[in-house]
Colleague: 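What follows is a single structure, and I will ask about it in a moment.
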Number of protein chains: 2
Amino acid sequence: MFLGGVGEVGRNMTCVELEDRVLIVDAGLSFPTHDQPGVDLVLPDFEYVRGRRDDVEAVVLTHGHEDHIGALPYLLREFGGRALPVYGTAFTLALLEGKLEEHGVRDRADLRTIRPGEGVRVGPFSMRFMRVTHSIPDGVAVAIDTPFGSILHTGDFKIDQTPLDGRPTDLHALAEEAGRGVHLLLSDSTNAEEAGYTASERSVGPVLTDIVARAPQLVVVACFSSHIHRIQQVVNAARANERVVTFLGRSMHQSVAAARRLGLLSVPDEDILPVEELGSFDPSRVVVICTGSQGEPLSALSLMAAREHKWVRLREGDVVVLSSSLIPGNEPAIHRVIDGLYRTGADVFHVPAAPVHASGHAAAEELRLMLSLVRPRWFVPIHGERRHLAHHAKLATEIGIPPERVLICEDGDVLEVGEKVEIAGRVPAGMTFVDGLGIGDVGEVVLRDRRKLAGEGVVVVVVAIDADHGQLVSGPDLVRRGFVFEETGANILDAARERVMLVLRESAEAEVTDPGVLEQNIRRALGRFFYDATQRKPVILPVILEV
Amino acid sequence: MFLGGVGEVGRNMTCVELEDRVLIVDAGLSFPTHDQPGVDLVLPDFEYVRGRRDDVEAVVLTHGHEDHIGALPYLLREFGGRALPVYGTAFTLALLEGKLEEHGVRDRADLRTIRPGEGVRVGPFSMRFMRVTHSIPDGVAVAIDTPFGSILHTGDFKIDQTPLDGRPTDLHALAEEAGRGVHLLLSDSTNAEEAGYTASERSVGPVLTDIVARAPQLVVVACFSSHIHRIQQVVNAARANERVVTFLGRSMHQSVAAARRLGLLSVPDEDILPVEELGSFDPSRVVVICTGSQGEPLSALSLMAAREHKWVRLREGDVVVLSSSLIPGNEPAIHRVIDGLYRTGADVFHVPAAPVHASGHAAAEELRLMLSLVRPRWFVPIHGERRHLAHHAKLATEIGIPPERVLICEDGDVLEVGEKVEIAGRVPAGMTFVDGLGIGDVGEVVLRDRRKLAGEGVVVVVVAIDADHGQLVSGPDLVRRGFVFEETGANILDAARERVMLVLRESAEAEVTDPGVLEQNIRRALGRFFYDATQRKPVILPVILEV
């Protein structure tokens with residue numbers, strides 16, 4: 001049997017193979033980085049799964065975050081007619097269902113609700129689910145039996161001893177699993193660099209209540225829409241201060257509706273103020289709960305920071321709380337939003353300056369606890385960039401797991417799980433870009449071109465030549481975008497035109513008529529010319545028309 | 001008198017006007033953000049200074065960091081023949097001199113060395129300089145007399161009670177200045193969000209020594225080349241473990257040479273190993289000290305992470321230390337380098353996971369101390385994004401400065417300093433982009449085009465038409481870059497070509513021959529077509545050749 005495709009941060013997806021059948025654990029997506037311009041979403045490479053299409057038994061979801069379920073609507077399209085069994089807890093499936101409907105692929109999935117503590121058998125796979133605490137309700141770890149003992153995949157977790165819903169990470173079930181014998185542990189590495197313990201979710205409540213109590217006017221709290229326990233604490237803070245709440249943002253409404261339906265979030269109807277009534281309501285009696293805590297450009301919070309929000313116009317004395325982390329890579333966007341919020345005159349609370357957030361991931365001591373409790377024979381840190389995996393590996397060896405039983409994998413590594421666990425090969429893995437309607441048609445070549453275009457702009461050179469004699473009939477016309485500014489650019493372009501004429505004359509003398517060669521000569525001469533004149537290297541696109 | 005142009009992070013530059021003369025405090029530059037593609041450097045807008053060219057008395061530099069001196073070579077070009085007096089401490093001027101020579105403008109500056117504790121008079125300006133500790137030696141605060149008391153500009157500082165060179169921030173001089181009466185304090189806000197005190201630079205030494213002591217093989221430490229006290233501590237750690245040091249990187253060599261010449265850095269010649277000899281030397285007896293701690297693409301450290309460095313090939317057992325902060329915006333680049341370093345098998349130490357760095361900026365308690373000690377009548381927080389200024393303003397009101405005497409300024413605000421201090425207007429301020437040889441020729445329009453090109457690529461449409469009858473002679477030819485991938489793109493481009501033909505036929509029927517109108521028709525039709533087909537919006541550049 002083997003296990004392939006260990007997910008890095010985002011695009012989490014792990015395939016477990018047993019008796020020629022494949023079980024997929026999670027199918028997440030990530031968001032583009034700055035060097036992936038124009039890309040909307042990044043999916044895992046499905047090539048391996050595509051090749052094993054008929055062997056896939058089911059998908060198991062550990063929790064409902066985008067980086068664990070977001071790629072599923074795309075994955076399901078790979079499975080033609082049959083509805084793929086998808087296992088998840090109630091809240092995970094509730095979030096997923098909305099997504100599948102938006103993508104028009106609801107019928108491609110056979111959703112099967114699991115409950116933490118339960119066991120499930122599908123094909124050759126025998127699984128047990130254990131509750132874990134995280135920044136979304138209803139997360140689970142999953143244990144999968146193998147002939148050598150189980151593989152335990154923690155999902156994303158922290159060991160919160162005082163979770164808001166009173167349902168902590170199930171240490172007893174983990175201990176039982178350890179008693180049964182965990183052959184291989186795959187454990188969340190996100191916060192492996194953080195010393196000590198992650199603060200309990202409950203620690204945020206009093207801070208929020210205090211901020212709301214002191215606020216003289218409107219309070220706005222931004223957080224993740226799926227972070228129901230955080231939302232509950234904001235609601236509690238509002239109610240404790242006799243304020244109603246207004247939910248803003250589409251995903252916030254969807255998530256709140258699902259959580260209320262499932263009994264995970266308690267807000268009386270009469271405490272919810274529709275956004276349309278906000279303008280006519282006493283702002284000192286409202287808390288707005290909205291999305292946009294990561295600085296997303298068109299989110300409610302960004303619009304407020306730019307003073308462009310339809311319903312909320314911030315002013316001096318208002319209070320804004322960003323009750324969230326700074327996801328790596330989002331810092332500039334978040335800081336821009338925070339600075340904009342300050343400019344409105346509002347007072348702003350955010351980490352690290354104010355303790356208005358607690359992470360959902362286990363820090364070093366909790367990771368050690370997980371390792372000590374589970375006592376795996378083999379260990380593979382997952383869910384993190386290389387540095388997080390390296391730190392997590394260090395923690396494992398510190399508590400006594402022999403270094404040769406700790407393996408650091410890259411996306412796509414195939415683990416052969418026998419008595420020994422070893423990296424036995426590679427399957428295709430990497431990024432598939434979603435850009436507009438296109439999935440996978442934008443590749444690294446296109447991105448490289450885009451980065452080049454962005455760096456120095458583009459100059460198009462058009463000439464029409466006589467098809468028979470190669471004589472210049474019209475042009476050269478030069479058109480540019482993103483390359484030097486209009487006024488100062490004029491002389492350079494005149495000189496560039498002269499340069500193209502010279503190339504054409506020289507080529508004619510040398511009896512060069514092949515348009516491909518002409519284009520190359522123009523590209524080369526102009527490239528050199530522009531670099532000498534400006535030390536810039538625009539993309540040069542010569543077009544030779546034969547008339 | 002007035003004071004204009006309060007610098008944000010980077011591009012620090014403040015102008016003080018008295019009796020119609022202008023004194024410039026610092027002239028720094030910043031580095032481009034991700035939404036400024038192709039830009040090399042960002043300078044302050046010199047328009048105000050240009051207009052007062054003949055009135056500028058001198059430039060005063062608080063310390064030698066790029067964001068305080070980097071724009072000076074460009075600024076000096078504004079002053080025609082005369083050599084502008086530039087005041088700075090010995091190390092500041094040593095770093096500046098190298099820069100001026102590289103730019104060929106050494107003769108434009110009349111460098112005048114000041115010593116902390118001294119007073120200087122130039123034109124109507126009476127100034128006193130006070131030593132401050134920072135992450136570069138030889139930093140000063142400057143007090144400038146006005147009829148209402150002095151303006152005290154802290155420069156960048158922390159209040160390190162145990163600096164490595166035994167020369168702490170001169171609290172006595174600050175107290176004396178307070179006794180004389182500080183009318184207006186301008187103080188560094190960088191770390192205003194951080195609670196407590198910034199750790200002493202000295203705290204880093206034992207950590208580095210311990211890391212070097214435990215390292216079985218090569219140790220590489222990356223830090224800022226101007227951070228001489230950090231470099232000294234790395235050298236000390238090496239010597240304590242009987243290792244020699246190798247300096248890598250051009251700016252590192254320049255800075256180390258200047259510091260040794262001025263007696264600020266102590267490294268015996270025999271302890272320096274030239275990089276060429278590294279290959280034949282026992283790696284367990286060397287510490288490499290290099291640049292690149294901010295993930296700069298072509299730096300020594302980035303090349304090591306990519307296994308492309310000419311002299312250093314990292315392997316399992318080697319140790320790399322990033323003895324530096326993560327400057328906001330650089331996080332993705334730094335993380336990429338750290339992940340690459342881990343992949344080489346090396347062990348990597350970096351903040352926050354390891355205490356291998358101490359900031360050079362005062363945290364909240366030190367800022368309060370500065371405010372309490374100086375007791376200014378008016379206060380303007382400087383050197384920070386809006387959120388830092390807002391936090392610093394809060395600290396000032398907390399220690400008893402009346403809120404109406406605390407002013408938060410934006411770049412370009414003009415402060416009228418009389419008995420009252422108030423924002424009295426604006427001067428032009430903002431960013432001037434340096435791109436290759438061009439200074440200021442790339443503006444927001446060009447950047448917007450570049451971002452558009454980066455987002456979706458470009459499609460060029462070329463047609464040749466008969467100049468007399470508007471009949472199609474050749475084309476349409478479509479050329480694209482950064483827009484859909486070769487294989488899947490073919491059908492779309494065929495269909496697009498058809499679409500252009502249709503536009504041309506329709507235009508001919510409507511007797512449209514004006515190339516401008518034709519171009520617009522093509523741009524519109526293709527824009528709609530591509531968006532419907534792909535939900536992408538490439539830049540469309542139609543070129544009509546009349547033949």
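Since this is a predicted model, take the numbers as computed values, not measurements. Numbers restart at 1 for each chain; the letters A, B, ... are given by sequence-line order, proteins then strands.
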Colleague: Hey, is Arg343(A) close enough to Glu410(B) for a salt bridge, meaning N to O under 4.0 Å?
Modeller: yes
Colleague: Need one label for Ala533(A): side chain, backbone, both or neither, based on atoms under 4.5 Å from any heavy atom in chain B.
Modeller: backbone
Colleague: Show your reasoning for whether salt bridge (Lys or Arg N to Asp or Glu O under 4.0 Å) applies to Asp449(B) and Arg480(A).
Modeller: CA-CA 10 Å; Asp449(B) 282 343; Arg480(A) 71 202 180 287; over 6 Å; no
Colleague: Which atoms form the tightest heavy-atom contact between Ala454(A) and Ala454(B), and what is the distance?
Modeller: CB-CB, 3.3 Å
Colleague: Is chain B contacted by the side chain of Asp532(A), its backbone, both, or neither, given a heavy-atom distance below 4.5 Å?
Modeller: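 For Asp532(A), the backbone is the part near chain B, not the side chain.
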Colleague: Below 4.5 Å, heavy-atom pairs only: which of Asp347(A), Leu341(A), Val39(A) has the largest tally toward chain B?
Modeller: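 Option with the greatest count: Asp347(A).
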Colleague: Would you compute the distance between atom CD1 of Ile338(A) and atom CD of Glu385(B) and round it to the nearest 0.5 angstrom?
Modeller: 11.0 Å
Colleague: Go through the atoms of Asp35(B) and report whether side chain, backbone, both or neither lie under 4.5 Å from a heavy atom of chain A.
Modeller: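 Answer is side chain: those atoms of Asp35(B) sit under 4.5 Å from chain A.
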Colleague: State whether the number of non-hydrogen atoms from other residues, nucleotides or ligands found under 6.0 Å of Glu404(A) atom CD is greater than 12.
Modeller: yes
Colleague: Is it the case that the side chain of Arg450(A) and the backbone of Leu453(B) share a donor-acceptor pair, with hydrogens and angles ignored and the cut-off at 3.5 Å?
Modeller: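 Looks like no, no N/O pair under 3.5 Å.
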Colleague: Would you mind telling me which of Pro332(B), Ala390(B), Ala354(B) has the largest number of heavy-atom pairs within less than 4.5 Å of chain A?
Modeller: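 Among Pro332(B), Ala390(B), Ala354(B), the one with the most close pairs to chain A is Ala390(B).
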Colleague: Name the region of Leu326(A), side chain, backbone, both or neither, that has any atom closer than 4.5 Å to a heavy atom of chain B.
Modeller: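 Neither the backbone nor the side chain of Leu326(A) comes within 4.5 Å of chain B.
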Colleague: Establish, yes or no, whether a centroid distance under 6.0 Å links the rings of His350(B) and His391(A).
Modeller: yes
Colleague: With rounding to the nearest 0.5 Å, note down the distance linking CG in Leu545(B) to CG in Asp477(A).
Modeller: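 So the gap between those two atoms works out to 5.0 Å.
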Colleague: Check step by step if side-chain contact (heavy atoms from CB on, under 4.5 Å) holds for Val543(A) and Val543(B).
Modeller: CA-CA 10 Å; Val543(A) 185; Val543(B) 184; over 6 Å; no
Colleague: Among Arg448(B), Glu194(B), His335(B), which residue has the highest count of heavy-atom pairs closer than 4.5 Å to chain A?
Modeller: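 Top count of heavy-atom pairs under 4.5 Å with chain A: His335(B).
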Colleague: I'd like to verify something: which residue of Ala353(B), Gly329(B), Gly340(B) has the highest number of heavy-atom pairs under 4.5 Å with chain A?
Modeller: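 Max contact count across the listed options: Ala353(B).
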Colleague: Could you have a look at Asp435(B), Val460(B), Leu447(B) and say which one has the most heavy-atom pairs with chain A under 4.5 angstrom?
Modeller: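 Answer, by heavy-atom pair count under 4.5 Å with chain A: Asp435(B).
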Colleague: Do you know which two heavy atoms are closest between Arg386(B) and Asp339(A), and how far apart they sit?
Modeller: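 For Arg386(B) versus Asp339(A), the nearest heavy atoms are N-OD1, 3.4 Å.
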Colleague: Heavy-atom pairs under 4.5 Å with chain B are the metric here; pick the option from Ala195(A), Gly455(A), Pro328(A) that has the most.
Modeller: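 Ranked by contacts with chain B, first place is Gly455(A).
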Colleague: Checking Lys394(A) against chain B: side chain, backbone, both or neither under 4.5 Å from a heavy atom?
Modeller: side chain
Colleague: What distance do Ser474(B) atom OG and Ile544(A) atom CD1 have between them, rounded to the nearest 0.5 Å?
Modeller: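 Reported to 0.5 Å precision, the distance equals 11.5 Å.
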Colleague: Can you tell me which portion of Arg387(B) sits under 4.5 Å from chain A's heavy atoms? Options are side chain, backbone, both or neither.
Modeller: both
Colleague: In terms of heavy-atom proximity below 4.5 Å to chain B, should Val458(A) be classed as side chain, backbone, both, or neither?
Modeller: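 Interface part for Val458(A): both.
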